[in-house]
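Below is one structure, written out as structure tokens; comments come after it.
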Amino acid sequence: MNTLHVKKGDEVMVISGRDRGKRGKVLEVSPKEGKVIVEGRNIVTKHVKPKKQGQLGGIVKAESAIYACKVMPVCPKCDKATRVGKEIKKDEKVRVCKKCGAVL
């Protein structure tokens with residue numbers, strides 16, 4: 001089973017590619033492929049054919065998957081992209097910011 005350092009709903013910063021330095025919210029996570037879909041980032045154009053008679057086809061813009069290694073979670077406390085550490089607090093395993101120690 002593959003695990004990723006980001007989860008659905010996390011705010012992340014893209015660290016490489018054409019969207020480098022931009023932030024967005026994680027919409028979907030695919031641990032098997034090691035990819036995530038980030039809201040408003042890695043936009044691609046798709047050519048869509050009409051499915052039914054009378055329905056319009058055309059060019060649609062949509063978010064595409066990014067490798068999870070190309071994004072870093074943003075700490076809500078220090079507001080910086082950070083690596084994720086794990087600690088046990090109150091008999092619970094939590095993710096913490098490596099820079100300031102805040103719970104993610």
Mind checking the OG1-NZ spacing from T82 to K98? Nearest 0.5 Å is all I need. 8.5 Å
For the student: nearest non-hydrogen atoms of A81 and M13, plus distance: CB-SD, 4.0 Å
Return the CD1 to CG distance between I66 and N42, rounded to the nearest 0.5 Å. 4.5 Å
Validation row: V103, K89 side chains within 4.5 angstrom (heavy atoms): yes
Nearest heavy-atom approach of V29 to P31 is O-CD, 3.5 Å
Where A65 and I37 come nearest, the two heavy atoms and their spacing: CA-CG1, 3.9 Å
Flag if over 12 foreign heavy atoms under 6.0 Å of CD, Q55: yes
Evaluate the side-chain proximity of M72 to V6: yes if any heavy-atom separation is below 4.5 Å, no if none is. no
To the nearest 0.5 Å, tell me how far K32 NZ sits from L4 CG. 14.0 Å
State whether the number of non-hydrogen atoms from other residues, nucleotides or ligands found under 6.0 Å of R20 atom CZ is greater than 12. no
Could you tell me which non-hydrogen atom of Y67 sits nearest to which non-hydrogen atom of E33, and how far apart they are? CE2-O, 4.2 Å
Minimum heavy-atom distance between R95 and H5, given as atom pair plus value: NH1-O, 3.0 Å
Between E28 and K8, is the side-chain contact (heavy atoms from CB on, under 4.5 Å) condition met? List the steps. CA-CA 6 Å; E28 284 183 46; K8 184 177 177 180; 5.7 Å; no
Using a strict cut-off of less than 4.0 Å between a Lys/Arg side-chain nitrogen and an Asp/Glu carboxylate oxygen, indicate whether R23 and E11 qualify as a salt bridge. yes
In the single-linkage hydrophobic clustering (I, L, V, M, F, W, Y; side-chain heavy atoms under 4.5 Å), do V84 and V71 co-cluster? no
Indicate the atoms forming the closest heavy-atom contact of P73 with V12, along with that distance. CA-CG1, 4.0 Å
Would you say that R41 contacts E63 through its side chain, given a criterion of any heavy-atom pair below 4.5 Å between the two side chains? no
For D10 and K7, indicate whether the former's side chain and the latter's backbone hold a donor-acceptor pair under 3.5 Å. yes
Does a sphere of radius 6.0 Å around NZ in K77 hold more than 12 heavy atoms from other residues, nucleotides or ligands, not counting ones at 6.0 Å or beyond? no
Enter the distance from L104:CG to K86:NZ here, rounded to the nearest 0.5 Å. 10.5 Å
Quick one: are K70 and D19 in side-chain contact, heavy atoms under 4.5 Å? no
